[in-house]
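Naming convention: chains lettered A, B, ... in sequence-line order (proteins, then strands); numbering from 1 in each chain.
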Amino acid sequence: MVSKFTAGLNAEQSRAVVTTEGPLLVLAGAGTGKTRVITHRIGHMLAQGVPARHVLAMTFTNKAAGEMKERIAGLVARQAAAELTVGTFHAFCVKALRQYADRIGIRRDFAICDGDDQLLAIKQAQRELQIPETTMQPRMCQSRVSLLKNRLVAPEACLDSDDAWEVDIGRVYERYDKSLRVRGMLDFDDLLLSLVRLLQDKAMLQTFRERYRYLCVDEYQDTNGPQYEIVRSIGGAHRNVCVVGDDDQSIYGWRGADISKILNFEKDFPNATVVRLETNYRSTVEILNGANAVIRNNPARHAKTLRSALGNGQAISIRKLRDETQEAQFVVEEIVKRVREHQTPLRDLAILFRTAVQPRAFELQLRQFGVPYVLVGGMSFFDRKEVRDVLAYLKLVANPADELSLLRVINTPPRGIGDTSIEKFLAVAAAQGLPLADVIQRSEAFPAIPATAAAAANRLLATLATLRGLQDGKDLVTLVREVVAAVSYAEEVQRCYPDPVMRAKRWEGVSELMNMAEVHARQRKDATLGTFLEDVTLNANDQEDADSQGENKLTLMTLHSAKGLEFGEVYLVGMEEGLLPHAKSLEDGNVEEERRLAYVGITRAKQRLTLTFVESRARYGQRVAVVPSRFVYEVQGLQAPTASPTRSKPVAVAKVAAKATKRRKAKTPTKP
DNA sequence: GACTGGGCGCTTTTT
DNA sequence: GCGCCCAGTC
């Protein structure tokens with residue numbers, strides 16, 4: 001079939017584009033024009049007369065959704081583009097739940113609980129259940145609970161377990177869930193789960209099936225249980241389900257992504273058309289050879305081999321450096337040289353790494369050399385204390401039941417409500433089964449509550465209530481400004497940071513938040529405090545890179561956030577055993593996902609790829625000898641040595657390394 | 001009730 | 001090596 005939308009595509013791509021009816025699995029290797037296929041396919045469908053409102057395209061990241069929207073907008077009429085539903089799974093769930101959540105007993109104006117609030121809520125639940133943080137790390141409990149949700153496991157299932165530890169997790173899980181419900185909150189996982197529940201209602205399911213007659217899922221290999229359920233139930237009747245993905249790029253197993261979903265698509269949707277995209281338009285032969293050589297070592301996969309459409313380039317460069325400082329220096333000097341001698345724009349360059357601690361050394365060097373850069377992920381804007389404080393106030397204005405935010409700011413700025421008073425508030429609230437705010441408001445009824453603290457807390461609640469009443473008819477920026485003023489936050493910053501330079505820096509976060517409110521109000525006609533907070537929570541990480549897009553800066557990011565992107569020249573740093581593959585994954589026997597991560601990193605590069613590793617690295621403040629990653633060997637088609645890792649190292653360093661290893665080992669058995 | 005210092009534990013990756 | 005939590009002091 002010849003179509004405007006297949007022009008310039010290869011045979012496989014065209015086949016995917018014109019297969020609009022029935023199930024379709026597109027196995028798209030890295031750089032094989034996947035996004036192009038998806039967008040052209042949607043364009044083709046619209047041209048064939050499919051009404052845009054019947055099309056639902058889902059991605060995992062905001063970045064991917066944004067790119068898809070943008071590229072579709074360039075292909076089809078503006079009206080049609082506006083009627084398409086394109087967004088992340090989470091955003092789609094929010095949209096649906098805002099409309100129908102009351103059907104499953106959830107208030108439609110629920111607030112979204114982000115990762116930090118989640119951690120606080122977990123800690124609180126543990127405290128209430130008297131499970132000390134030393135026995136159960138809240139962070140690990142948090143990820144465990146999230147994983148359970150992603151596997152569609154209810155708390156009750158854990159309570160029945162024979163494993164005492166699992167039972168404790170179940171108890172925290174149950175408690176945590178209840179606390180969110182009382183506060184009118186849903187966490188990220190709940191968003192998906194709630195839609196799954198909503199779709200269990202026959203009438204609702206029918207509504208969604210009628211509305212969304214054509215589904216398209218990007219990065220299908222990252223689909224977790226609830227996401228799969230959503231696709232399966234909405235797409236189950238009409239079976240117009242197109243999934244695009246690459247099992248070799250499945251890197252979210254730790255988050256509940258289930259690689260078997262893409263491997264089993266043909267079982268779930270019998271008679272599916274399968275299209276393989278193996279022609280790579282991104283990278284040189286050398287880079288793809290390296291990528292293929294690495295990924296070949298993974299046993300369970302849809303066999304495929306990337307072929308370069310570009311031809312030969314330069315060999316992959318592999319560098320050994322002494323330590324992380326040298327590594328950073330080498331890479332940054334190299335970058336400076338590339339920019340100077342080859343006029344390579346900085347935006348074509350990226351430094352990719354495994355963990356969030358690695359960029360530090362690079363940032364230091366980049367500053368020294370005056371190279372502008374963006375650090376994607378890592379310490380986010382939203383992690384800054386001032387930002388979190390102001391956001392907590394805003395959340396409280398929007399949702400008086402938000403106990404976590406109340407606890408966060410109840411004494412910031414200091415109001416004379418100390419820990420002991422808060423303790424008492426909480427004790428009464430727990431004993432009476434009342435929300436914290438109610439206890440404060442009716443404090444006279446409870447003799448256990450200190451009067452002065454209660455009075456101060458009541459003044460705060462009254463201020464918040466006034467602000468809440470002011471919301472309507474006020475523009476967002478004014479509202480934010482008024483909230484900040486009403487709680488004297490500027491004075492608080494002044495008090496904490498007498499140094500004017502420090503103070504200005506701290507205040508930056510607050511004013512940036514106001515800027516964001518302004519931008520949000522401009523973008524959405526129906527902007528409210530609620531939509532702003534939703535936007536902030538759902539798009540937390542993308543906000544910053546959107547601002548810096550188009551600017552000519554070097555990119556620093558984790559391998560996870562690099563997926564889906566490409567750069568002319570890539571520096572893949574910290575290629576060592578323990579980092580990539582990460583020690584934790586080695587412990588869990590999960591090298592394959594690490595290998596896919598390496599594969600993702602390698603395939604980001606278009607023309608030039610440099611791998612670096614060091615001889616020793618600071619860990620927990622101690623210098624430890626390290627060995628090159630097995631992937632450094634594999635990329636060259638070699639076998640990684642299995643011999644003792646520290647054999648040729650100086651004795652002093654080797655000793656430290658041995659000690660460190662012992663310490664690790666000694667700790668392991670204490671884990672259940 | 002606010003502030004300071006010692007001790008401890010930890011580091012995967014994110015919507 | 002850093003940040004967080006807790007205990008002790010003003």
Side-chain atoms of A:H582 come closest, of B:dT15, C:dC2, B:dT11, to B:dT11
Between CG of A:L191 and C1' of B:dT14 the distance, given in whole Å, is 14 Å
Checking B:dT15, B:dT11, B:dA2 against the side chain of A:P414 (C-beta onward), the nearest is B:dA2
Taken to the nearest whole Å, CD1/A:I259 to P/B:dT13 is 21 Å
From CD of A:E593 across to C1' of B:dT14 the rounded distance in Å is 12 Å
Give A:K123 one of three labels, base, sugar-phosphate or nothing, depending on what nucleic acid heavy atoms sit under 4.0 Å from its own. sugar-phosphate
Worksheet item: Does any non-hydrogen side-chain atom of A:D323 lie less than 4.5 Å from one of A:R617?
Response: no
task: Using a 4.0 Å heavy-atom cut-off across all strands, classify A:F60 as base, sugar-phosphate, or nothing.
output: sugar-phosphate
When rounded to whole Å, the CD to C1' distance for the pair A:E219 and B:dT15 reads 13 Å
Whole-Å distance, A:K385 NZ to C:dC4 C1', equals 14 Å
Notebook entry, point to check: Is there a side-chain polar atom (N or O) of A:Q137 under 4.0 Å from OP1 or OP2 of B:dG9?
Noted result: no
Task: Rounded distance in Å between the P positions of C:dC4 and B:dT13 - done: 15 Å
Regarding the side chain of A:H90, the nearest nucleotide among B:dA2, B:dT14, B:dT15 is B:dT15
**Message:** So, OP1 or OP2 of B:dG1: does either fall under 4.0 Å of a side-chain N or O from A:S421?
**Reply:** yes
Whether A:Y252 stacks on the six-membered ring of B:dT13 base, 5.5 Å and 30° limits:
no
Quick note, A:A356 side chain, CB onward, closest among B:dA2, C:dC2, B:dT13 is B:dT13
Atom CD of A:Q622 and atom P of B:dT11 are separated, to the nearest Å, by 18 Å
TODO: Identify whether any heavy atom of A:N411 sits under 4.0 Å from a base atom; if not, whether one sits that close to sugar-phosphate; answer base, sugar-phosphate or nothing.
DONE: sugar-phosphate
Checklist entry - Between A:Y212 and A:F92, is the gap from one ring center to the other below 6.0 Å? => result yes
Rounded to whole Å, the CG-C1' distance (A:L186 to B:dT15) equals 14 Å
> Would you call A:F613 and A:L611 a side-chain contact if the rule is heavy atoms closer than 4.5 Å?
Replying inline: no
The nucleotide from B:dT13, B:dA2, B:dT15 with an atom nearest the side chain of A:T558 is B:dT13
note: A:I251, atom CD1; B:dT14, atom P; distance rounded to Å ~ 9 Å
**Report entry** Student check: side-chain heavy atoms of A:N411 and A:I417 closer than 4.5 Å
**Finding:** yes
A:F110 ring centre to A:R98 NZ or CZ under 6.0 Å, with the angle to the axis within 45°?
-> yes
On DNA chain B, more 5' by nearest nucleotide between A:G416 and A:D588 is A:G416
Is it true that A:H560 and A:Y252 have ring centroids separated by less than 6.0 Å? yes
Among B:dT11, B:dT13, B:dG1, the one nearest any side-chain atom of A:V357 is B:dT11
Heavy-atom nearest nucleotide on DNA chain B taken for A:A453 and for A:F89; more 5' hit belongs to A:A453
- Message: OP1 or OP2 of B:dT15 versus the side-chain N and O atoms of A:Q227: is any pair under 4.0 Å?
- Response: no
